[in-house]
Amino acid sequence: MALSTGLLRRGRPYLVGALTLALLVLVGCTTNEATYPQTTLAPKSDFTRLVDDLLQTTFFWAVLVFVLVEGGLLFAIWKFRGKPGDAEPKQVHGNVMLELVWTAIPTLILVAIAIPTVKTIFQTSASPTAPEVEIEVIGHQWWWEYRYPALGVVAANEMHVPVGKTISLKMWSADVIHSFWSPQLAAKRDVFPQGPRFQKVNPLWFRADTTGDFSGQCAEFCGIQHARMGLRVIVQTEAEFDAWVAQQRIGSPLVNGGVVAPATDSTGAPVAPDSLMAVGAQTFQAAGCIACHAMVGTPLAGTTALMGPNLSHFGSRRSFGANMYLNTPENLANWLRDPQAMKEGSKMVLPRPLTEDEITTLVAYLRAHQ
Amino acid sequence: MASSVLDHSHAPPAAKTGLWSWLTTVDHKRIGILYGASAFFFFLLGGLEALVIRLQLSRPENTLVSPDFYNQLFTMHGTSMIFLAVMPMSAMFFNYFIPLQIGARDVAFPRLNAFSYWVFLLGGLFINASFLFNAAPNAGWFGYANLTSPQYSPGPNTDFWFLGLQILGVASIAAAVNFFVTIVNMRAPGMTLLRMPMFVWMSFITQILLLLAFPVITVALVYLMFDRHFGTNFFIPGGGGDPVLWQHLFWIFGHPEVYILILPAFGVVSEVLPVFARKPLFGYTAMVFSGAFIAFLGFGVWSHHMFSTGMGPYSDAFFSLTTMLIAIPTGVKIFNWIGTIWGGSIQMRTPMYFALGFIAMFIIGGLSGVMHASPPADLQQTDTYFIVAHFHYVLFGGSIFALTAGAYYWWPKMFGRMLNESLGKVHFWLMFIGFNLTFAPMHILGLNGMPRRTYTYPEGLGFEMWNMVETVGSFVIALSMLVFLYNMIKSRNSAPAPADPWHGATLEWAIPSPPPEFNFAEIPTVASSMPVWDARRAAGGQLPEPAFHDGSGIHMPNPSIKPLIVAVGMFIMMISIMFTHADWPWWAMSLAGLAVMLYGIFSWAFEPAG
């Protein structure tokens, strides 16, 4: 009785601390993607499942060691608490056998972690034997460019991939180091700026388990808007993906230099573009957008090395500003009014302020391009 | 009258009070106090930066600070806490207690010691002066190339950063040489290497790490200086350079730096635990060799900071395994600490609270460290709040808790006054609870996808609640610091401390509190690693207060202003690099600084040392 009240009295703060920590760990483990859409703990591809299995192994050992060692520490603090008038305790200087044992046990635990670690390193580093979709990922301050060379698609920020197919990424950067991270599909891999001697194109691969819309973001500090260098990976059925590709190919710089044959009527005579497209294209050029953005139907439709994203299929995107804003007419109009107010330091600088008429035209024009 | 003036010109003034006495002091104890006061000031500044960071992140899409200012805050928070707070707090203890614990009257090179301090202070003030120009460093404490190149960091921010670090590096290397020589040469008779107090041992290993690691960052910073100011392309890929080279150089320095931050803390805890468990350190020899082994391995693990760069499976596996190896000697230390208190008679005084809190928190940091050592798992955790949690558990839960234990333990020796025990315990519990509220949830956020170094986060990713909890926790930590500050101020009026308030084991407890300028009236002879315990046992349980000695006949070094002159000259010369693009001849400033420095060095060389 005296012993247990003593435990409660003297050990209570430690117990509370330990229980709080245990609770925190518990909460961390039982959360799911409904609460945390960007969680690493709900793998949705073969790659992230390999990583997650390894994490489960190391986490198990970490929790076990945590409980035993912290428990031993708390027990020692309680058991050997001094009382006034205590005689000097026995002066022990060490115990070689004991020390050998507590060197050996952690070594064995580390072996139990090291073996699956090395195995997983090689599994996740191996190049896929038969990549089914190849995508080039290019990091920019502060947005992502995706090129599908075999499919003739150039996209920005939102990567579309078919479910169940092996996706192979080849990644580099146009300016500074970024890191591509889609937590549920592929762990982080840095992307590097290239040079005449420094050429480091990093590979990454994954095969998504399910369809869905997965958010991710740049994970290497890359300047003022690093926080807002988001991305999405949209995993679709093969049919949806094929339809998306067919649409995106129209006016792509990778297809026929971006040149689209003019529409014709049944007699083969060219059809005049409707007024929205005509006026919009004219405004797009007059306002100077074309200095940084490729756009179907403009003279620079076929260019790939511009500063800003290719806008030829802007209307098909769910978000803009690197997954910062939903693609709604209101958000887009605000963006065109003052991009620096919405994303300070962004490279989106208007050559001149736009009139409200121009903004209305551009919003309609851009969003009409599905 | 005239003759007395002449006499003084030969014997420099040896005032014991006043500003001039502090500017010219070469007394290791006063320099230690200067280090401590400066470090605590920078620690509060870094803490203030952390509080603003936490306020900004307390809710999603917050606009308390601008994105760029946020980047300045987290860069300066990291830089300050590492280089301006934890390192110089350790330096405070090196300065004050290495000579006392080895039974010496000062360090080997007292004036060089003063020089180290002045250079450190100037470097710290210089980096922080950047805030006055709204141009604080903003590329991260790790300053990854090529974000630091002139193209992507055109302002003076990065100049403040690399010049400040370069200046601080001079201070660190000079101090490391000094303490290395002091420990090797100035131990009291009978103090063999394996009789040195554990704090001296860990400090000794730290000096070796400093001497081997700082030259690497020095080279890297010189390359960066040339890239930024003289048109080279060491790290700029477009010009043929290699940005990954920076990462290798930075982490070959940076990982040993982690042990530079933690080994002195290990030493402090290894002093505190035996005294308050009334039992010798368990496995002294294993503690020495595990410390040395950790330091040695520390040079073979740097690329575990770079798993996401895609080094390939063989490098990943190598650096993963070497990193895991470090867990073995670290585990030995933790078990030996528990072995030390096991079977003891634990006196729950404030230093012991912090030392035990250190063990409990450091275990958590160590375990998350092992999780990081597994590269595929690290690819999910790196650059998220999980790693922010990890290194705060080792640097705050580890270093800061241990250094605070040291502060409570050694305060009566340094100032001759006791800190208040009740306030000390309030300080501990507030800090312990605040610390865990702030940093434990970061594990959860990190694993659930919250990246670090982001000035805000969108709604709907589930980050809201834990971020708010963390912010509340950070203010609990701030409150604990106010309690500590109050306790320190209040101690001016508390009862005078005896020479040995805790029944210590090492030599500093054999001399008065605070020690006289000459430390030891008579240099002691040592026959074990716990000489004062042995003496107390031989005396039948109680030692008399040491007798007063007026210091006559003891020769001490003269005070000197020369170290400060050399430091100021070197400082002017180095910061002239800021102005290479200015429309006035920056090299004139460089030469002026050089002239001051050379004057200082020459007059130093010909000054009578005492």
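These numbers come from the heavy atoms of this one structure, side chains and all, not from hydrogens, waters or symmetry mates. Here is the naming used below: chain letters follow the sequence lines, and residue numbers restart at 1 for every chain.
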Exercise. Looking at CD of A:Glu344 and CG of B:Asp68, how far apart are the two atoms once the value is rounded to the nearest 0.5 Å?
Worked result: 7.0 Å

Exercise. Given a strict heavy-atom distance threshold of 4.5 Å, which part of B:Phe142 is in contact with chain A: side chain, backbone, both, or neither?
Worked result: side chain

Exercise. Relative to chain A, which segment of B:Tyr455 carries a heavy atom at a distance below 4.5 Å: side chain, backbone, both, or neither?
Worked result: both

Exercise. Does CD belonging to B:Glu61 count more than 12 external heavy atoms closer than 6.0 Å?
Worked result: yes

Exercise. Among B:Ser290, B:Gly331, B:Pro375, B:Ser153, which has the most heavy-atom pairs under 4.5 Å with chain A?
Worked result: B:Pro375

Problem set entry | Which portion of B:Thr382 sits near chain A, non-hydrogen atoms under 4.5 angstrom | both

Exercise. Do B:Pro451 and A:Trp181 come close enough that some side-chain heavy atom pair is under 4.5 Å?
Worked result: yes

Problem set entry | Step-by-step side chain to side chain donor-acceptor pair (under 3.5 Å) determination, A:Asp190 to B:Thr309 | CA-CA 5 Å; A:Asp190 295 351; B:Thr309 59; 5.3 Å; no

Problem set entry | Minimum side-chain heavy-atom gap B:Ile341-A:Ile77 below 4.5 Å | yes

For this session: Work out which heavy atom in A:Pro196 is nearest to a heavy atom in B:Gly238; give both atom names and the distance.
Result: CD-O, 3.7 Å

Problem set entry | Donor-acceptor under 3.5 Å (A:Lys200 side chain, B:Val244 main chain) | no

Problem set entry | Interface moiety of A:Trp61 toward chain B, non-hydrogen atoms closer than 4.5 Å | neither

For this session: Look only at the side chain of A:Lys188 and the backbone of B:Gln380, and say whether a donor-acceptor pair between them is shorter than 3.5 Å.
Result: yes

Exercise. Is chain A contacted by the side chain of B:Phe335, its backbone, both, or neither, given a heavy-atom distance below 4.5 Å?
Worked result: both

Problem set entry | Euclidean distance, A:Cys222 SG relative to B:Asn146 CG, rounded to 0.5 Å | 11.0 Å

Problem set entry | Residue A:Phe221 versus chain B: region with a heavy atom under 4.5 Å | both

Exercise. Does any N or O in the side chain of A:Gln38 come within less than 3.5 Å of the main-chain N or O of B:Asn448, such that one atom is a donor and the other an acceptor?
Worked result: no

Exercise. With only heavy atoms counted, which part of A:Asp175 is less than 4.5 Å from chain B, the side chain, the backbone, both or neither?
Worked result: both

Problem set entry | Atom group of A:Ser215 that falls short of 4.5 Å from chain B, counting heavy atoms | side chain

Seminar exercise, completed: The residue among A:Met229, A:Arg228, A:Gln217, A:Gln225 that forms side chain to side chain contact (heavy atoms under 4.5 Å, CB included) with B:Thr454 is A:Gln217

Problem set entry | Nearest heavy-atom neighbours spanning A:Val69 and B:Ile363 | CG1-CD1, 3.4 Å

Exercise. Do the non-hydrogen side-chain atoms of A:Phe198 and B:Phe235 ever get within less than 4.5 Å of each other?
Worked result: no

Problem set entry | Residues that B:Arg453 engages under salt bridge (Lys or Arg N to Asp or Glu O under 4.0 Å), provided they are two or more places apart | A:Glu220, B:Asp383

Exercise. Any idea which of B:Gly343, B:Gly140, B:Gly240 has the most non-hydrogen atom pairs under 4.5 angstrom with chain A?
Worked result: B:Gly343

Problem set entry | Contacting region of B:Gln381 [heavy-atom separation from chain A under 4.5 Å] | both

Problem set entry | Worked check of side chain to side chain contact (heavy atoms under 4.5 Å, CB included) between A:Arg197 and B:Asp242 | CA-CA 8 Å; A:Arg197 300 215 182 126; B:Asp242 181 344; over 6 Å; no

Exercise. Out of curiosity, B:Thr340 OG1 to A:Phe80 CZ, how far, rounded to the nearest 0.5 Å?
Worked result: 12.0 Å

Exercise. Do the non-hydrogen side-chain atoms of A:Val65 and B:Leu367 ever get within less than 4.5 Å of each other?
Worked result: yes

For this session: Check each atom of A:Asp53 against the heavy atoms of chain B and say whether the ones under 4.5 Å are side chain, backbone, both or neither.
Result: neither

Problem set entry | Contacting region of B:Phe69 [heavy-atom separation from chain A under 4.5 Å] | neither

Seminar exercise, completed: When the 4.5 angstrom heavy-atom criterion is applied to A:Asp86 and chain B, the contacting part is both

Exercise. From A:Arg81 CZ over to B:Ser345 OG, what is the distance, rounded to the nearest 0.5 angstrom?
Worked result: 10.5 Å

Exercise. Given that the side chain runs from C-beta out, which part of B:Val332 has a heavy atom under 4.5 Å from chain A: side chain, backbone, both or neither?
Worked result: both

Seminar exercise, completed: Interface check, chain A: of B:Ser308, B:Gly462, B:Pro243, B:Pro274, most non-hydrogen pairs under 4.5 Å belong to B:Ser308

Exercise. If you round to the nearest 0.5 Å, how far is CZ of B:Arg452 from NE2 of A:His226?
Worked result: 9.0 Å

Exercise. Hey, is NZ on A:Lys90 packed in by over 12 heavy atoms from elsewhere, all under 6.0 Å?
Worked result: no

Problem set entry | Under 4.5 Å from any heavy atom of chain A - which part of B:Leu461 | both

Seminar exercise, completed: Bottom line for A:Leu98: the part with an atom under 4.5 Å from chain B's heavy atoms is side chain

Problem set entry | Donor-acceptor contact present, side-chain A:Gln91 to main-chain B:Arg278, <3.5 Å | yes

Exercise. What pair of heavy atoms forms the shortest contact from B:Ala377 to A:Leu55, and how long is it?
Worked result: CB-CD1, 4.2 Å

Problem set entry | Closest non-hydrogen atom pair, A:Pro89 against B:Ala277 | CG-O, 3.7 Å

Exercise. Between B:Leu437, B:Asn233, B:Asn336, which residue shows the highest count of heavy-atom pairs closer than 4.5 Å to chain A?
Worked result: B:Asn336

Problem set entry | Side chain / backbone / both / neither for B:Thr456 at chain A, heavy atoms under 4.5 Å | both

Exercise. Centroid-to-centroid, A:Tyr36 to B:Trp466, below 6.0 Å?
Worked result: no

For this session: For residues A:Glu88 and B:Arg537, determine if any side-chain heavy atom of one lies less than 4.5 Å from a side-chain heavy atom of the other.
Result: yes

For this session: For residues B:Phe282 and A:Trp102, establish whether the separation of their ring centroids is below 6.0 Å.
Result: yes

Problem set entry | Residue part contacting chain A, namely of B:Asn138, when any heavy atom lies under 4.5 Å | backbone

Seminar exercise, completed: Rounding to 0.5 Å, atoms CD1 (B:Ile334) and CG (A:Leu73) come to a distance of 9.5 Å

Show me the donor-acceptor pairs within less than 3.5 Å that the side chains of residues 104-123 of chain A make with the rest of the protein, sequence neighbours left out.
residue  : atom : partner  : partner atom : Å
A:Thr107 : OG1  : A:Thr103 : O            : 2.5
A:Thr117 : OG1  : A:Ile113 : O            : 2.7
A:Thr117 : OG1  : B:Ser374 : OG           : 2.7
A:Thr120 : OG1  : A:Pro116 : O            : 2.6

Problem set entry | Under 4.5 Å from a heavy atom of chain B, the part of A:Gln199 involved | neither

Seminar exercise, completed: Here the pair of heavy atoms bringing B:Gly283 nearest to A:Glu99 is CA-OE2, 3.6 Å

Exercise. Are the side chains of B:Met371 and A:Phe59 in touch, meaning some heavy atoms are under 4.5 Å apart?
Worked result: yes

Problem set entry | Structural part of B:Gln247 lying under 4.5 Å from a heavy atom of chain A | side chain

Seminar exercise, completed: Counting heavy-atom pairs under 4.5 angstrom with chain A, the leader among B:Gly541, B:Gly366, B:Pro237 is B:Pro237

Exercise. What are the two closest heavy atoms between A:Ala187 and B:Leu379, and how far apart are they?
Worked result: CB-CB, 3.4 Å

